[in-house]
Each structure stands twice: as structure tokens, then as C-alpha cells.
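Below, all heavy atoms of this structure are taken into account, side chains as well, without hydrogens, waters or symmetry copies. All ligand and atom numbering here is 1-based and tracks the order in the structure.
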Amino acid sequence: MADLVTARRSLQLADDGWAVDILDQTALPHTTEVRRLTTLADATEAIRCMRVRGAPLIGALAAYGLCLALRDDPSDAGLAAAVAAVTKTRPTAVNLVAAVDRVARVVRLCPPAERAAAAYAETAAICDEDVHINQAIGEHGLTVLEGLARGSDPVQVLTHCNAGWLATVGGGTALAPVYAAVAAGVPVHVWVSETRPRSQGLLTSWELSQADVPHTVIVDNAAGRLIQQGRVDVVLVGTDRTTAGGDVCNKIGTYLRALAARDNGIPFYACVPGPSIDWHTPPGAIPIEERDPEEVRIVPGTLPDGRPGAVRVLAETSHVANPAFDVTPARLVTGLITERGVSPATADALRARYPERAG
Ligand code: MRU
């Protein structure tokens with residue numbers, strides 16, 4: 001367990017070379033628990049319950065889910081059933097379908113006896129690519145933060161949700177520039193929005209605490225006030241799906257931060273890995289996940305004796321809407337920090353950066 005935390009890895013292949021060890025994000029920030037996933041059902045449960053979350057990470061685990069399934073049943077029918085099971089876990093992050101399609105395309109060309117090995121090899125390639133993408137986003141994002149630095153005063157970054165190493169295979173997307181800035185000696189301070197109802201901001205706070213990065217947690221509704229007061233220099237967020245035209249789908253509440261940033265002349269950047277770009281779906285057709293109302297009605301935490309507990313704050317009969325994502329229009333986005341550099345949020349600029357994918 002300590003290995004995963006020390007290595008800042010939220011998921012890795014187990015010592016046996018085929019099972020998958022994950023850091024259970026539903027236990028964080030209170031306890032660090034590692035789970036070993038050995039079946040397709042383990043993988044789909046982990047994605048659906050958000051033990052593993054964040055667009056690049058669920059893409060990687062979805063791919064591993066196919067690997068685990070193909071060990072049991074490498075037939076065409078087995079592959080089709082596994083693809084269907086994984087694809088229906090969470091609808092919004094395009095990384096998930098992209099990773100599943102990629103692995104399935106490769107294994108379909110192999111005889112059944114070779115499919116599991118081919119799936120593991122392709123999944124390893126997806127994971128390695130994510131590590132490199134995170135690294136490059138960190139480097140390009142660092143130039144943005146360096147441009148905002150003013151001597152010894154920290155650059156004030158506001159982030160939403162968790163787009164750090166917990167949410168990726170590598171070092172994160174929106175937090176990668178922060179870590180790069182700390183390594184380069186650029187002083188930073190991060191405002192972390194709590195991100196109700198799943199409180200991914202608490203994961204961000206845990207991550208930043210592990211790395212001794214100065215930060216302050218705020219309730220979600222405080223973001224506009226801080227931006228208005230001039231206490232934020234830049235908003236950095238991740239993405240679950242960015243359209244070919246540069247519209248950024250991300251955790252619910254991202255749009256409100258972009259509006260406040262624009263109204264106050266503050267730059268708003270999304271950190272966008274290539275595999276998070278959906279070249280085909282228009283913004284209005286992005287499937288926005290509607291999650292269980294009980295996530296809003298029940299607040300988890302720790303009891304006074306340190307054990308995990310939960311408090312019901314709203315009756316089971318109260319009506320609740322729980323959309324998990326929103327879409328920030330490209331016109332509110334200052335730039336997209338990709339692994340290929342900082343791009344304007346326009347179709348032409350994105351096409352120019354990814355000529356082979358934009359097709
Ligand atoms: O519902 P979640 O926690 O999976 O949502 C995660 C986000 O919205 C992240 O900002 C996004 O996936 C980018 S993670 C690098």
C-alpha cells in the first residue's frame with residue numbers, strides 16, 4: 001500500500017503480473033486502502049463506485065478490465081460482453097471508450113489464445129502514454145505559471161475537483177503544472193474547491209498535503225468571491241471530454257468558475273490530454289452522467305472514534321438532481337494546455353496540433 005502512495009501511483013499491475021492494484025479513492029482522504037482487482041466485475045464496480053475516478057484513470061482501468069475478462073473468456077462473445085460491461089459504467093469521460101475501443105481493435109486481430117497477452121501489452125502502452133502526457137502538460141503549464149509569477153509572491157491557482165496524480169496513471173493534468181512549478185522554485189498557492197457532492201477537492205487537498213504544496217480548501221460557492229477580490233491569478237482544471245471546437249466538459253461547477261474568471265479578467269485554462277479530445281461529438285450531445293441522488297443526501301466522513309461513517313443530511317424522499325459534469329463553452333476558455341503545447345480553444349488550433357487525429 002505504501003508503495004502506491006510513495007510512488008504517487010493510483011493504479012498499477014500487481015506483482016503477479018496480471019491483477020491490478022488500486023488506491024481506493026472512496027477511502028481517501030481518511031485512510032489509504034489498496035484493493036486488488038482480479039475480475040472484470042471488480043474493475044467495473046471500482047469505476048462505477050468511483051474507487052477509481054478521473055478520466056485518464058478510468059480509461060486505464062477500463063482497458064485492464066478487458067484484460068481481466070479475456071483471461072477468463074477470450075472468445076468473440078466474451079470480448080463483446082466485456083466491452084459492453086465496461087462501456088456502460090460511466091458515460092462522460094471519453095478516455096474510457098477510447099481506451100476500450102483501442103484494446104478491442106488490437107485483440108480482435110489475434111487468435112483467442114493470444115488475446116489476453118495482447119490486451120495487457122496495449123493497456124501498458126496506454127498507461128505509459130498517459131505518464132508522458134502528464135509530464136508534458138506539466139512542462140507546458142509551467143510556462144503559463146511562470147508568466148504569472150511575481151517574485152516571491154505565490155501564483156494563486158484555483159482548481160476544481162481532482163485532476164492530480166490520483167486521477168491519472170502519471171502525475172496528473174491540472175495539478176501537473178503546480179508540481180512542475182514547485183520543482184522549478186516558482187512559489188504557488190492553490191485554492192481547492194471542495195467539489196460537492198463527491199468532494200474530490202478533499203482528494204486534491206490530500207495530494208497537495210502529501211507533496212507539501214501550500215493550499216486552502218474553500219466551499220464551492222466561495223470561488224466567485226475569491227476571483228472577484230483579485231485573490232486568484234489563474235484557474236486550472238482538467239477535462240473529461242473536450243470537443244473538437246474546444247468546449248470543455250469537466251466536473252460540475254467548472255462552468256461557473258469560467259464565468260467568474262471571464263467577468264474578472266482572470267485566465268481560465270483546461271489541461272487536456274489528447275485522448276480526452278472527442279473529435280466527433282458536438283458539445284450539446286455529450287452524455288452528462290446523472291449520479292445517484294443519495295450522493296447528495298448522505299455525507300460521508302469519519303466518526304469521532306476515527307471509524308468511517310456517514311450522515312444523512314436530506315430525507316430519502318427529497319427530490320435531488322445530481323448532474324456530475326458541465327460544459328464550458330470554448331469562448332470562455334483562455335487556452336487548452338495539451339501535451340503538444342498551449343492551444344487556443346478553437347477548432348483550427350486543435351486540428352493543427354493533432355492533424356493525424358482530427359481527420
Ligand atoms: O467524477 P470524477 O471524479 O471522475 O470527475 C473527474 C473530473 O472531472 C476531472 O477533472 C477530470 O476527469 C480530469 S482528471 C485528470
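In this structure, Cys161 has a heavy atom closer than 4.0 Å to ligand 1. Residue contact check for ligand 1: Pro56 places a non-hydrogen atom closer than 4.0 Å to it.
When only interatomic distances are considered, the shortest N/O to N/O separation between Gly54 and ligand 1 falls below 3.5 Å. Checking only distances, Asn162 never comes within under 3.5 Å of ligand 1, N or O to N or O. In terms of polar-atom proximity, Asn250 is counted as a contact of ligand 1, with an N or O under 3.5 Å from an N or O of the ligand. Taking distance alone, with nitrogen or oxygen atoms compared against 3.5 Å, Thr168 stays at or beyond that limit from ligand 1.
Checking Thr168 against Asn134 by side-chain atom types alone, a donor-acceptor pair falls below 3.5 Å. Between the side chains of Ser75 and Asp73, at least one donor N or O sits under 3.5 Å from an acceptor N or O. Using modelled atom types and a 3.5 Å distance limit, the side chains of Thr338 and His140 yield no donor-acceptor pair.
For ligand 1, the atoms sitting less than 4.0 Å from at least one non-hydrogen atom of Ala55 are 12 (O), 14 (S), numbered in the order shown with element in parentheses. Each of the following atoms of ligand 1 lies closer than 4.0 Å to a heavy atom of Ala163: 14 (S), 15 (C). Below 4.0 Å from some heavy atom of Arg90 lie the following atoms of ligand 1, by number and element: 1 (O), 2 (P), 4 (O). For ligand 1, the atoms closer than 4.0 angstrom to any heavy atom of Gln200 are 1 (O), 2 (P), 3 (O).
Residue contacts with ligand 1 for Met50 involve side-chain atoms from C-beta outward but no N, CA, C or O (heavy atoms, distance under 4.0 Å). For Ser276, no heavy-atom contact with ligand 1 is shorter than 4.0 Å.
Looking only at heavy atoms of the protein, atom 13 (C) of ligand 1 is closest to Thr239 O, 3.4 Å. Among protein heavy atoms, the minimum distance from atom 8 (O) of ligand 1 is reached at Asp240 OD1, 2.7 Å.
When the options Gly59, Ala270, Ala167 are ranked by their closest heavy atom to atom 14 (S) of ligand 1, first place goes to Ala167. Residue nearest to atom 1 (O) of ligand 1, selected from Glu289, Lys251, Arg53: Lys251 (by heavy-atom distance). The nearest non-hydrogen atom to atom 15 (C) of ligand 1, considering only Asp130, Thr92, Thr173, comes from Thr173.
Both Trp206 and Val217 are assigned to one and the same hydrophobic cluster, defined by single-linkage of ILVMFWY side chains at heavy-atom distances under 4.5 Å.
Two rings, from Trp279 and Tyr354, have their centers less than 6.0 Å apart.
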- side-chain hydrogen bond (donor to acceptor under 3.5 Å, both in side chains) assessment of Asn250 paired with Thr239: CA-CA 5 Å; Asn250 191 49; Thr239 186; 5.3 Å; no
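Among Arg90, Arg48, Arg198, the one residue that satisfies the salt bridge (charged side-chain N to carboxylate O under 4.0 Å, His left out) test with Glu289 is Arg90. Of the candidates Asp247, Asp278, Thr243, Thr243 is the only one forming a side-chain contact (heavy atoms from CB on, under 4.5 Å) with Ile286.
Gly245 and Ala330 make their closest contact through O-CB, 3.3 Å (heavy atoms, listed as atom of the first residue, atom of the second, distance).
Relative to the six-membered ring of Phe325, Arg241 misses at least one condition, a distance below 6.0 Å or an angle of at most 45° to the axis.
Remark: the backbone N or O of Arg307 is paired with a side-chain donor or acceptor of Asp305 at under 3.5 angstrom.
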